[in-house]
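One structure below.
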Amino acid sequence: MVTARPYRVLAVVALAVTIAGCSSLIPNADQGLLPGGRRWIITVENQSAQPAVIVVAEDTMPMGPVVGRVTPGTIPPLTAIDVTFDIPAGRTWAIWINPGRPDEGPLFTAPDVPPGVVGKLPITISISPDGMSGASLPNGLPPGWFGN
């Protein structure tokens, strides 16, 4: 008499291999940069009493699919921390803070930052006590920043 048990084991192994293979397509902090991507470090100050979620996603309204990585992606309340952003190639992404808020769109988009910029950015992202976000940058930046 043939049992179905060997087939179940084979099906479970096949499913595990498939999931493991697909997981390499999902951006995470353990992977290197995406092809053509850039790595930024931006100071984020969460002055609110709630965690702040940061996402790099397609620049559409409402927010499009996630296309980059943010580490850490959630900033604890009342915390200032340097956050690593892996930004994809191309000019259609945006950085979103607390996506899903009805009063909030993308904080800034690809055209706001010169194309070749990498490393520590002179930008500070702030989340105010009421949860609204903004970006500040020093005076005297070269052309190409936020429409200059």
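Keep in mind that what you see is a predicted model, and the values were worked out from it rather than measured. Worth knowing before you read on, the calculation uses all heavy atoms, side chains too, and leaves out hydrogens, waters and symmetry mates.
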*Return the minimal non-hydrogen interatomic distance between W40 and I95, and the atom names on each side.*
CZ3-CD1, 4.2 Å
*Treat each ILVMFWY residue as a node, draw an edge where side-chain heavy atoms are under 4.5 Å apart, and state whether I97 and F146 are in one component.*
yes
_Closest non-hydrogen atom pair, G90 against A110_ = O-CB, 4.4 Å
_Quick check for you: to the nearest 0.5 Å, what is the distance between L121 atom CG and R38 atom CZ?_
8.5 Å
*So do the side chains of P122 and P138 get within less than 4.5 Å of each other, counting heavy atoms only?*
yes
_If you compare all heavy atoms of Q47 against all heavy atoms of S128, which two are closest, and at what distance to 0.1 Å?_
OE1-CA, 4.1 Å
*Indicate yes or no: at least one non-hydrogen side-chain atom of W96 is less than 4.5 angstrom from one of L107.*
no
*Can D82 and K120 be counted as an ion pair, charged N to O under 4.0 angstrom?*
yes
*Spatial distance of atom CZ (F85) from atom CD1 (I54) [nearest 0.5 Å]*: 4.5 Å
*Can you name the ring pair (Phe, Tyr, Trp, His ring centres under 6.0 Å) partners of W145, sequence neighbours left out?*
none
_Rounded distance [0.5 Å steps], OG in S133 versus CD1 in I127_ = 6.5 Å
*asked:* Hydrophobic cluster membership, with links at side-chain heavy-atom distances under 4.5 Å among I/L/V/M/F/W/Y: are L141 and I42 in one?
replied: yes
*For the residue pair A89 and P35, what are the closest heavy atoms and their distance?*
CB-O, 3.9 Å
*Which atom names give the shortest non-hydrogen contact between M63 and A57, and what distance separates them?*
CG-CB, 3.4 Å
*Consider only side-chain N and O atoms of T79 and N46, and report whether a donor and an acceptor are under 3.5 Å apart.*
no
*Just wondering, do P88 and V56 contact through their side chains at under 4.5 Å, heavy atoms?*
yes
*Taking all heavy atoms of D59 and all of P106, pick out the closest pair and write down the distance.*
OD1-CG, 3.8 Å
_Point-to-point distance, once rounded to the nearest 0.5 Å, from OG1 of T109 to CZ of R91_ = 8.0 Å
*asked:* If hydrophobic clusters are built from ILVMFWY residues whose side chains come within less than 4.5 Å, do M132 and L137 share one?
replied: no
*With distance as the sole criterion, is a donor-acceptor pair present between the side chains of T92 and E58 under 3.5 Å?*
yes
*With the 4.5 Å side-chain cut-off for hydrophobic clustering, are V44 and L78 part of the same group?*
no
_Rounded to the nearest 0.5 Å, what separates atom CG in D86 from atom CG in L33?_
4.5 Å
*Check the hydrophobic clustering (I, L, V, M, F, W, Y; side-chain heavy atoms under 4.5 Å; chains of links allowed) and say if I81 and I125 are grouped together.*
yes
